[in-house]
Structure formats: C-alpha cells, structure tokens
Participant: 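If you scroll down you'll find the structure; I have some questions about it.
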There are 2 protein chains.
Amino acid sequence: MKNVLKVLRARNDWSQEVLSNKLGVSRQTINAIERGKYDPSLPLAFKIARLFGTSIEDIFEFSE
Amino acid sequence: MKNVLKVLRARNDWSQEVLSNKLGVSRQTINAIERGKYDPSLPLAFKIARLFGTSIEDIFEFSE
DNA sequence: AAATAATGTAAAGTTTGCTTGACATTATAA
DNA sequence: TTATAATGTCAAGCAAACTTTACATTATTT
C-alpha cells in the first residue's frame, strides 16, 4: 500500500517527530509508515486523515 | 469505532461465512468486527469498502 | 568545519488483528 | 418438532502494528 504521508507532512513543514506527537504515536512509527515498512492500523489511518483534513482514500492507495 | 458492516451484509443477504470467503478472512473475524470486538486492519477495511462499493468512512465511524 | 536537527535502522518487548478448532446458542426450514 | 443453518464465543497460537532504547547516517545551521 502506497501513501503520500511524506508529501502532506512536508507541505506542513513538520518533522517526523512533530507529526508523531500530533498523532500520539512514536517517531519510528511515522518513519516506518512513510517508508512503507508497514501499514497503519485503521484508527491511526483515521487520525492521520483527520489531521490533514482529507480522506483515508486520498492518503493511502490500496494495492492487492 | 462503530461500523455498519452487518447492515451492508444483510442488504446483500450474505451470511458471515459467505462474506468472510469473499474477503479472504475467517468467519470469526467478520463476527468480531461486526460485534465491535476489534477493528479491521487498514488493508481489510479497504477490501470491505471495495466489496460494498463504498468508502471506508461510510462504513466505519471513528471515535477518539 | 563543527554543531545540531532530522532521518534511518535495529533489537526486544507488548498489544492487537487474525487463524484454526471446537462447542454452545439462536434462528430458519423440513 | 427435529434437523440444519447461522451466529456467538473461547482458547491457543501466529503475525502485524507499535513501543522504547539506542546508535548511525544525512541534512541543515552556525
């Protein structure tokens, strides 16, 4: 699954640490998601979408 | 997190087992999600939304 | 160039999603 | 009413998401 988290984060000029704090997760979790090491949980995906004022589908692209 | 999975499934007249087969998960997983025992992973949420031809946000309601 | 900030990565541990197998309960059909 | 289908639930186990700690590498300032 691809995602544009890094783009959205850059657009807001936030470091991974700042973003992780806003979301209540660790910096490593943000790093892992951005680098595609794993997908976020559904609750975290909702938090991310809410923070950036968009939909889950606009941030994450599901691929079989 | 609330969801309307049971409603969508009923609308299609599918049993939990039939739905689980269509999604490639176990019947117990469907049962647990419908009963709110836990949330699906993000990939599974995408599969569910795709199967019912709607968005994740229209099926799952995030609450804190 | 040196200091600092940001990012990448790894190991070990906890929690959550999901599995199989088994059995109990409830609804539907014969 | 008896059989069968559907749903609920539990236990044990595996895998994925996430944590903390720690350190290495890459950018960015000063």
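First the proteins, then the strands, lettered A, B, ... as listed; each starts at 1.
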Participant: Measure from CD on A:Gln28 to C1' on C:dT15 and round the result to the nearest Å.
Facilitator: 17 Å
Participant: Determine whether a donor-acceptor pair (N or O, by modelled atom type, separation under 3.5 Å) exists between the side chain of B:Gln16 and the backbone of B:Gln28.
Facilitator: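 No, because the side chain of B:Gln16 does not come within donor-acceptor range (under 3.5 Å) of the backbone of B:Gln28.
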Participant: If every non-hydrogen atom of B:Ser55 is compared with every non-hydrogen atom of B:Ala49, which pair is closest and at what distance?
Facilitator: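 Looking at all heavy atoms of both residues, the shortest contact is C-CB, 3.8 Å.
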Participant: Quick one, B:Leu51 with B:Leu8, criterion side chain to side chain contact (heavy atoms under 4.5 Å, CB included). Give me CA distance, side-chain angles, the key distance, then yes/no.
Facilitator: CA-CA 10 Å; B:Leu51 179 62; B:Leu8 295 173; over 6 Å; no
Participant: Could you note down all residue pairs passing salt bridge (charged side-chain N to carboxylate O under 4.0 Å, His left out) where residues 19-40 of chain A supplies at least one of them, sequence neighbours left out?
Facilitator: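 Listed by first then second residue: A:Arg9-A:Glu34.
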Participant: Quick one: closest heavy-atom pair of B:Ala45 and B:Ile56, and the distance?
Facilitator: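 Heavy-atom minimum between the residues: O-CG1, 3.8 Å.
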Participant: Of the options C:dC18, C:dT9, D:dA17, whose atoms approach the side-chain atoms of B:Ile33 most closely?
Facilitator: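 For the B:Ile33 side chain, the nearest candidate turns out to be C:dC18.
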Participant: Whole angstroms only, please: what is the CG-P distance between B:Leu5 and D:dG8?
Facilitator: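 After rounding, the reported distance stands at 11 Å.
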Participant: What is the separation between atom CG on A:Leu23 and atom C1' on D:dA17, rounded to the nearest whole Å?
Facilitator: 15 Å
Participant: Considering only nitrogen or oxygen atoms on both sides, find all protein atoms under 3.5 Å from nucleotides 2-7 of chain C and state each distance.
Facilitator:
from	atom 1	to	atom 2	distance (Å)
C:dT7	OP1	A:Arg9	NH1	2.9
C:dT7	OP2	A:Gln16	N	2.7

Participant: Report yes if a donor N or O on one partner sits less than 3.5 Å from an acceptor N or O on the other, where the partners are the side chain of B:Glu34 and the base of D:dG8; otherwise report no.
Facilitator: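 No pair found.
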Participant: Grab the OH-C1' distance between B:Tyr38 and D:dC18 for me, whole Å please.
Facilitator: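 Atom OH in B:Tyr38 sits about 18 Å away from atom C1' in D:dC18.
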Participant: Nucleotides 26-30 of chain C: which of its N/O atoms have a protein N/O under 3.5 Å away?
Facilitator:
none

Participant: Answer yes or no: is there a donor N or O on one side and an acceptor on the other, between the side chain of B:Asn3 and the main chain of B:Glu61, under 3.5 Å?
Facilitator: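 No, B:Asn3 side chain to B:Glu61 backbone: no donor-acceptor pair under 3.5 Å.
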Participant: Using a 4.0 Å heavy-atom cut-off across all strands, classify B:Ser41 as base, sugar-phosphate, or nothing.
Facilitator: sugar-phosphate
Participant: Can you measure B:Lys47 atom NZ to C:dG17 atom C1' for me and round it to whole angstrom units?
Facilitator: 13 Å
Participant: If you look at every heavy atom in B:Ile30 and B:Ser20, which pair is closest and at what distance?
Facilitator: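 In this case the closest contact between B:Ile30 and B:Ser20 is CG1-CB, 3.6 Å.
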Participant: Over how many whole Å does the gap from B:Lys37 atom NZ to D:dT7 atom P extend?
Facilitator: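 The answer, rounded to whole Å, is 17 Å.
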Participant: Just compare C:dC18, D:dT20, D:dC18 and give me whichever is closest to any side-chain atom of A:Leu44.
Facilitator: D:dC18
Participant: Within the pair A:Ser26 and D:dT19, is there a side-chain N or O less than 4.0 Å away from OP1 or OP2?
Facilitator: yes
Participant: Apply side chain to side chain contact (heavy atoms under 4.5 Å, CB included) to the pair A:Leu19 and A:Leu5, showing each step before the final yes or no.
Facilitator: CA-CA 10 Å; A:Leu19 176 57; A:Leu5 188 50; 4.0 Å; yes
Participant: How many angstroms lie between CZ in A:Phe46 and CD1 in A:Ile59, if you round to the nearest 0.5 Å?
Facilitator: 11.0 Å
Participant: Without decimals, in angstroms, what is the distance between B:Leu19 CG and C:dC18 P?
Facilitator: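 Going from B:Leu19 (CG) to C:dC18 (P), I get 13 Å.
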